[in-house]
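Residue indices begin at 1 and follow the sequence shown. When reading the values below, keep in mind they use all heavy atoms of this one structure, side chains included, and skip hydrogens, waters and symmetry mates. All figures in this text were calculated on a predicted structure; none of them were measured in a lab.
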Amino acid sequence: MIVRHYLGEDGELAQYLTRQLNTPLDWPEEGDLNTEHVANIAAAAACDVSYDQAANGHLVDLFSALPLPGTPEGDEFWDALRRVGDEAALYIDPANAGGPFFKYLIDGNEGGIAGRVLSFLGELDDQQRDAVAEVIGGALDHNTFVAGGRYLGKLWLRDAETSAWHVLLASRKTYETEDDRKRFLEAWGNA
């Protein structure tokens, strides 16, 4: 559905291909794989894969803004996070998660890391969440982010939660969602 919106003679992708690459959509005319087919493949891949990869990358970026494990600042930060986050913090604690924590995410096991982040955040009560926000906000570089610590921490938590959700949602396989989408479209079409 999304892909077809951008194809056709007036679509952005079609205009790009014909203008920048000087290839009409039906070129080569006798070929089994023409420019329009390539555009369909590229657009479908971009809609699915890039969203998933962007969510994964963003989750890594959020954690990379925190103090690094194994440094004096990092040891202090992660110790403080364990104190205020209690057992929930074990889900994301570097000592508990192991060295390849984010390598798994980059290598395609995005659901495991996102699940850990959501488990961590889901187990925090309101007081713990505020305390964790304070610790995270205090650790963020205020020269870069400008705003106050607690506010920054709340933004970080909200963004991590949403990003982890996006990772899990995007990691669903087509075969898992195909029947659901058909039922969805049929139900909405009949409404």
S.K.: Determine whether a donor-acceptor pair (N or O, by modelled atom type, separation under 3.5 Å) exists between the side chain of D125 and the backbone of Q127.
M.R.: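 Yes, because the side chain of D125 sits within donor-acceptor range (under 3.5 Å) of the backbone of Q127.
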S.K.: Can T71 and E76 be said to form a side-chain contact (heavy atoms from CB on, under 4.5 Å), step by step?
M.R.: CA-CA 8 Å; T71 65; E76 186 179 314; over 6 Å; no
S.K.: Evaluate side-chain contact (heavy atoms from CB on, under 4.5 Å) for H58 paired with V167, printing each intermediate quantity in order.
M.R.: CA-CA 10 Å; H58 187 67; V167 168; over 6 Å; no
S.K.: Could you pull out the closest heavy-atom pair between E161 and L118, with the gap in Å?
M.R.: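 So the two residues come closest at O-CD2, 3.6 Å.
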S.K.: How many angstroms lie between CG in L66 and CG in D61, if you round to the nearest 0.5 Å?
M.R.: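 If I round to the nearest 0.5 Å, the distance is 11.5 Å.
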S.K.: Do you know which two heavy atoms are closest between L59 and A114, and how far apart they sit?
M.R.: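 Nearest pair, atom of L59 first, then A114: CD2-CA, 4.3 Å.
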S.K.: Using 0.5 Å steps for rounding, measure from the CG atom of L90 to the CD atom of E123.
M.R.: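 It is 9.5 Å, given to the nearest 0.5 Å.
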S.K.: Spell out, as yes or no, whether a donor-acceptor pair under 3.5 Å connects the side chain of W156 to the backbone of L62.
M.R.: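 Present.
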S.K.: Is any side-chain heavy atom of I136 closer than 4.5 Å to a side-chain heavy atom of K154?
M.R.: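 No - every pair of side-chain heavy atoms lies 4.5 Å or more apart.
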S.K.: Specify the closest pair of heavy atoms between G70 and D75, including all atoms of both residues, with the distance to one decimal.
M.R.: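 For G70 versus D75, the nearest heavy atoms are N-OD1, 3.3 Å.
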S.K.: Yes or no on side-chain contact (heavy atoms from CB on, under 4.5 Å) for L68 and F77, after CA distance, side-chain angles and deciding distance?
M.R.: CA-CA 9 Å; L68 297 173; F77 167 78; over 6 Å; no
S.K.: Looking only at non-hydrogen atoms, find the nearest pair between V132 and G85 and report the distance.
M.R.: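 For V132 versus G85, the nearest heavy atoms are CG2-CA, 4.0 Å.
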S.K.: To the nearest 0.5 Å, how far apart are CZ in R83 and CD in Q128?
M.R.: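 Going from CZ on R83 over to CD on Q128, the span is 13.5 Å.
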S.K.: Are the side chain of D159 and the backbone N or O of L155 linked by a donor-acceptor pair below 3.5 Å?
M.R.: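 Side chain of D159 to backbone of L155, a donor-acceptor pair under 3.5 Å: no, none is there.
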S.K.: Classify the angle between the aromatic ring planes of F63 and W78 as parallel (below 30°), tilted (30 to 60°) or perpendicular (above 60°).
M.R.: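 Plane angle under 30°, so parallel.
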S.K.: So, the side chain of R116 versus the backbone of I92: is there a donor-acceptor pair under 3.5 Å, distance only?
M.R.: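 A pair under 3.5 Å: no.
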S.K.: Less than 4.0 Å between a side-chain N and a carboxylate O, is that true for R129 and D126?
M.R.: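 No.
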S.K.: Could you pull out all residues at least two apart from R82 that satisfy salt bridge (Lys or Arg N to Asp or Glu O under 4.0 Å)?
M.R.: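 By the salt bridge (Lys or Arg N to Asp or Glu O under 4.0 Å) rule, R82 matches D79, D93.
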S.K.: Looking only at heavy atoms, which two atoms of G74 and P67 are closest? And how far apart?
M.R.: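 Result for this residue pair: CA-CB, 3.6 Å.
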